[in-house]
Amino acid sequence: MNDYPGRVKTGLNNRENWWSDMPPRTGSGPQPAKWAVVGLAFVLPSFIPTAVELTTGGITAEELVIAGLLLVYGACYLLFPFALPPSRRKTTYVFSVLMLLIGLALVFLHGNNPYILIYATAVLAFSLPPAWALILDGGALLLVLGVHLILGKDDLGDLVAVVSITAAMFFMANLVRAVRKLEAANQEIATLAVAGERERLARDLHDILGHSLTTITVKAGLARRMLESGKDDGRALEEIREVEGLTRSALSDIRATVSEYREVSLSAELAGARAALRAAEIDADLPHAVDNVEPGLQRTFGYVLREAVTNVLRHSEAKRVTVRFGERWLEIEDDGQAVEAPAGNGLRGLTERLDAVGGTLEAAPRPGGGWLVRAEVPATVVVSDPRAPFTEPAGECA
C-alpha cells in the first residue's frame, strides 16, 4: 500500500495492523451486557444437545468433567467482553489462550467433534491482534487435523466447515477494526475542522479589530486634542465623522467575517493605511495604485500591510512610513524605534499566511534605525487563487 500523509491504514497489508489490538469502540455498538444475552442464541443450540447427550442414561466421571468444561467454555464465550479491559492486555491473552485450550480439550474428549472449537476461534479473532489470532487459531486447527489423520478419519468435511467459519470470523473482526479506525479518524477530522474554523475566525476578527480599533483610537485622540485646544473645530468634527464611519465599517466587516464573505483588498488596505497614518500625524509615502502587484498575491499582501501599519501606530513612534510594491514583493519601513524583540503572534500569523502561498516574511530593524517588513514570493511559485485557505492558523498582533 502506498503511504500518503494523513492516510488511515486499516488493511491487513500493513505490518503495524497485524500486531495492533482491537481499537476501542467509538460508536454505539453492542454493549457487553447486551452481548451476554445475544450470545445465548449462539450457545444454546449447540450446548443443549450436548448436555442432553451427556446426561442420558446416567453420567460418568468423564462426562461430568466434560459437562463442567462445557459450562466454563460457554460462560467464557458469553462473558468475554467483560474479561477484556483495554488497559489490561496480559489478561486478554491469558483469557484467550485458556479458552482455546478448553475448546481443544472438549474436541478431544467429545469424539473429536471440531465444531465446538468455533466459539474459541471466534473469540480470539475479535480479542487478539490479527497475527496472534492467525497463529493460535491456525495452530489449533492444524492440531485437530493432525489428530484426525492419526486416528485415520477420512471425513474432513466438519473440519473444513470449521476452518471456513473461523476464516469468516477472522475477516469480520478485521472489518470491525477498520470501521472503528475510520470512526476515530472521522471524529478527529471533525475536531480538527472545528479547531481550524475557530482559528480562522479568531485571526480574521483580530485582524479587523486590531487595525480598526487602533485607527479609531488615533483619530479620537486627534479630535480630542483639537477640541481641547479650541482650534480647528471643523477638522475635529471631520475626524469624529471618520471615527463613526470606521466603527460602522468594522461592524460590517465582523458580520461579513462570521458569514465567510469578507474579502481583504490591497487597494482598500492602502487607502485605510493612508487615513490612519494621516490621523496619527505620520508622514506616509504610499503608492497610488496596486496594478503592478500580481492579483493572486494582493489579498495576502493586504494582510501584511494591515498588520505592519497597525504595529507602526501602536509601537514604533515613527514620524515617516514608506511602502513599496513589486510584482511579488512588498516592503514597509519606518523611522521609529527599532528594538529587537521576539516575533509576536501577529508576525507569526503573517509568516503562516506567506507560507500558504510559498512566500517568506522578514521583519527586522533597519541598519539606520527604524523597522523593515518585507514579504516576498519567489517567481518559481505559481499563485493562481487569491483567496487564502478557509482554515488558517491563528495569529494576533505583534
Side-chain angles (χ1 to χ4, degrees), residues 18-19 21-22 35-36 38-84 88-174:
W18 276 98
W19 299 98
D21 293 323
M22 176 72 75
W35 165 250
V38 174
L40 287 173
F42 297 98
V43 171
L44 294 180
S46 176
F47 281 37
I48 290 178
T50 304
V52 171
E53 178 185 348
L54 290 173
T55 56
T56 301
I59 184 168
T60 64
E62 181 181 355
E63 291 174 338
L64 185 62
V65 171
I66 295 175
L69 289 175
L70 193 64
L71 182 62
V72 174
Y73 190 61
C76 289
Y77 181 73
L78 294 176
L79 303 178
F80 87 91
F82 295 99
L84 307 176
R88 300 176 63 183
R89 189 175 180 183
K90 184 180 294 185
T91 303
T92 300
Y93 282 82
V94 172
F95 178 89
S96 301
V97 172
L98 180 62
M99 186 174 178
L100 183 62
L101 292 175
I102 295 175
L104 286 171
L106 288 172
V107 170
F108 298 138
L109 291 174
H110 194 254
N112 291 317
N113 180 7
Y115 282 108
I116 198 70
L117 195 61
I118 292 175
Y119 298 96
T121 56
V123 167
L124 265 67
F126 282 91
S127 59
L128 297 183
W132 282 114
L134 183 62
I135 292 171
L136 294 175
D137 285 349
L141 293 171
L142 287 175
L143 178 61
V144 174
L145 174 62
V147 172
H148 272 64
L149 295 177
I150 292 173
L151 297 177
K153 286 194 172 185
D154 297 330
D155 184 12
L156 300 179
D158 292 343
L159 187 57
V160 171
V162 172
V163 171
S164 301
I165 296 173
T166 298
M169 292 297 101
F170 178 81
F171 288 108
M172 184 179 295
N174 285 284

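Quick note: numbers below take in every heavy atom, side chains included, and nothing from hydrogens, waters or symmetry partners.
When all heavy atoms of M169 and F126 are compared, the pair lying nearest together is O-CE1, 4.0 Å. Taking each heavy atom of P114 and L159 in turn, the nearest pair found is CG-N, 4.0 Å. Minimum interatomic distance between F170 and A125 (heavy atoms only, all atoms of both residues): CA-CB, 3.9 Å. Of all the heavy atoms in M99 and A120, the pair that sits closest is O-CB, 3.9 Å. Between I66 and L106 the shortest heavy-atom distance is O-CD2, 3.7 Å. Considering all non-hydrogen atoms of both residues, A105 and L69 come closest at CB-CD1, 4.3 Å.
One finds the CG atom of L101 at 9.0 Å from the CG atom of L136 (value rounded to the nearest 0.5 Å). Atom CG of L98 sits about 11.0 Å away from atom OH of Y73, to the nearest 0.5 Å. The structure places CD1 of I102 at 10.5 Å from CG of L71, a figure rounded to the nearest 0.5 Å. Note: L117 CG to F108 CZ = 8.5 Å, rounded to the nearest 0.5 Å.
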Sequence neighbours excluded and cut-off under 3.5 Å, please list the side-chain donor-acceptor pairs for residues 137-148, or say none.
{"unit_1": "H148", "atom_1": "ND1", "unit_2": "V144", "atom_2": "O", "d": "3.0"}

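Under the 4.5 Å side-chain criterion, counting only non-hydrogen atoms from C-beta, Y93 is in contact with P129.
Counting only residues at least two apart or in different chains, side-chain hydrogen bond (donor to acceptor under 3.5 Å, both in side chains) contacts with residues 113-125 comprise Y115-D158, T121-T166.
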